[in-house]
Peer 1: 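First the structure, which I've put down as structure tokens, then a few questions once you've had a look.
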Amino acid sequence: MTDLPPTQPEADAPGTQPGAGAATPPEGSLEALVGSWLTVPDVAERLGIPLSAVRRLLEDRELLSSRIGERKVVAVPEQFLDEEVFRHLRGTFTVLADGGMRDEEILEWLFTRDETLRVPGTPVDNLAAGFKTEVRRRAMEQAF
């Protein structure tokens, strides 16, 4: 019997479930709720900035991340990189965090469908559609 070198996992394609391989995220999980995630290197490439700058965005809470997939890699919801969404995130994160929500709860709230919003869909969809004030008003109601 010969010793074979360990195989290297294939790189995850951008916009997929990083670290998940062929496994499907469990129904009802944050991973499945958000759907499309980008790893930190993918975010850096998409924005054209160094990895350290992405880490700074995460530290400064301009972006939120979660550990997802079998390997629990740090990833950011892909929809956060939409220009119309990105510029409204920090204030929305602040409102929800000030109300006592943890990062995972904030992500869950932002990606949970709410048909009573101006644009049927999620709060993130409404940020993309330009309804920042409505989303933040709802965030304040939810948080307090």
Side-chain angles (χ1 to χ4, degrees), residues 5-144:
T7 59
Q8 295 296 320
E10 290 184 31
D12 296 310
T16 61
Q17 301 295 324
T24 304
E27 184 77 25
S29 70
L30 177 61
E31 198 172 329
L33 182 65
V34 171
S36 187
W37 296 83
L38 295 171
T39 62
V40 171
D42 291 335
V43 172
E45 184 178 323
R46 179 81 63 89
L47 296 177
I49 60 176
L51 285 172
S52 60
V54 175
R55 290 188 193 101
R56 197 169 317 108
L57 289 172
L58 291 167
E59 287 170 13
D60 293 345
R61 297 181 59 78
E62 303 259 348
L63 288 173
L64 288 184
S65 64
S66 184
R67 291 193 171 271
I68 65 166
E70 189 176 302
R71 297 180 307 192
K72 300 294 183 200
V73 296
V74 175
V76 173
E78 184 174 22
Q79 199 171 1
F80 281 179
L81 300 188
D82 177 318
E83 186 178 327
E84 292 302 314
V85 174
F86 181 79
R87 61 190 180 136
H88 302 301
L89 290 174
R90 186 174 188 170
T92 306
F93 295 159
T94 300
V95 168
L96 291 164
D98 286 352
M101 291 179 110
R102 295 171 300 144
D103 288 357
E104 300 289 322
E105 294 170 320
I106 292 171
L107 289 169
E108 184 176 338
W109 185 82
L110 285 168
F111 285 92
T112 298
R113 290 190 67 78
D114 181 347
E115 299 305 323
T116 65
L117 288 165
R118 293 230 177 145
V119 174
T122 66
V124 170
D125 295 333
N126 277 261
L127 288 175
F131 296 112
K132 171 191 81 170
T133 304
E134 174 70 10
V135 170
R136 289 198 184 155
R137 185 182 65 75
R138 299 282 183 103
M140 282 188 251
E141 290 172 1
Q142 177 70 29
F144 294 103

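Reckoned from all heavy atoms, side chains included, excluding hydrogens, waters and symmetry mates.
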Peer 1: Just wondering, do R46 and E78 contact through their side chains at under 4.5 Å, heavy atoms?
Peer 2: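 In contact.
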Peer 1: Just wondering, do W37 and V73 contact through their side chains at under 4.5 Å, heavy atoms?
Peer 2: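 With C-beta onward as the side chain, the pair stays apart.
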Peer 1: Working note: D103 + R61, criterion salt bridge (Lys or Arg N to Asp or Glu O under 4.0 Å); need CA distance, chi angles, decisive distance, verdict.
Peer 2: CA-CA 10 Å; D103 288 357; R61 297 181 59 78; 2.7 Å; yes
Peer 1: Looking at P41 and L51, what are the two nearest heavy atoms and their distance?
Peer 2: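 Looking at all heavy atoms of both residues, the shortest contact is CA-CD2, 3.5 Å.
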Peer 1: What distance separates F86 CZ from L63 CG, expressed to the nearest 0.5 Å?
Peer 2: 5.0 Å
Peer 1: Is any side-chain heavy atom of V135 closer than 4.5 Å to one of H88?
Peer 2: no
Peer 1: Less than 4.5 Å apart, side chain to side chain, heavy atoms only: is that true for L47 and L57?
Peer 2: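 Side chain of L47 against side chain of L57, heavy atoms only: contact under 4.5 Å found.
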Peer 1: Distance from E105 atom CD to L96 atom CG, nearest 0.5 Å?
Peer 2: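 Atom-to-atom, E105:CD and L96:CG are 10.0 Å apart.
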Peer 1: Once side-chain hydrogen bond (donor to acceptor under 3.5 Å, both in side chains) is applied, what residue pairs with a partner in residues 120-131 remain, sequence neighbours excluded?
Peer 2: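 Passing the test, one end in residues 120-131: Q79-D125, T122-D125.
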Peer 1: Just wondering, are more than 12 heavy atoms of other shown residues or ligands nearer than 6.0 Å to CD in E115?
Peer 2: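 It does: E115 CD has more than 12 such atoms within range.
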Peer 1: V76 versus L58: any side-chain heavy-atom pair under 4.5 Å?
Peer 2: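 Sidechains of L58 and V76: in contact.
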Peer 1: So, for D82 and A128, which heavy atoms are closest and what is the spacing to 0.1 Å?
Peer 2: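 Reported closest heavy-atom pair: OD2-CB, 4.3 Å.
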Peer 1: Check whether any side-chain heavy atom of L89 lies under 4.5 Å from a side-chain heavy atom of L127, and answer yes or no.
Peer 2: yes
Peer 1: From K72 NZ over to S66 OG, what is the distance, rounded to the nearest 0.5 angstrom?
Peer 2: 8.0 Å
Peer 1: Verify, without hydrogens or angle tests, whether E84 (side chain) and G130 (backbone) share a donor-acceptor contact under 3.5 angstrom.
Peer 2: no
Peer 1: Would you mind reporting whether F80 and L107 have side-chain heavy atoms less than 4.5 Å apart?
Peer 2: yes
Peer 1: Check side chain to side chain donor-acceptor pair (under 3.5 Å) between E134 and all other residues, then give those that pass, not counting sequence neighbours.
Peer 2: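 Only R137, R138 meet the side chain to side chain donor-acceptor pair (under 3.5 Å) criterion with E134.
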Peer 1: State which residues pass side chain to side chain donor-acceptor pair (under 3.5 Å) with R67; sequence neighbours excluded, sorted by chain then number.
Peer 2: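 Listed in chain order: nothing, the list is empty.
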Peer 1: Using modelled atom types and a 3.5 Å cut-off, is there a donor and acceptor pairing between side-chain atoms of W109 and backbone atoms of A139?
Peer 2: no
Peer 1: Quick one, F93 and L64 - any side-chain contact, counting heavy atoms below 4.5 Å?
Peer 2: yes
Peer 1: With no hydrogens and no angle check, is any side-chain donor or acceptor of R55 less than 3.5 Å from a backbone partner on V40?
Peer 2: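 Here the side-chain-to-backbone pair does not exist.
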Peer 1: When rounded to the nearest 0.5 angstrom, what is the spacing between OG1 in T92 and CD1 in I106?
Peer 2: 10.0 Å
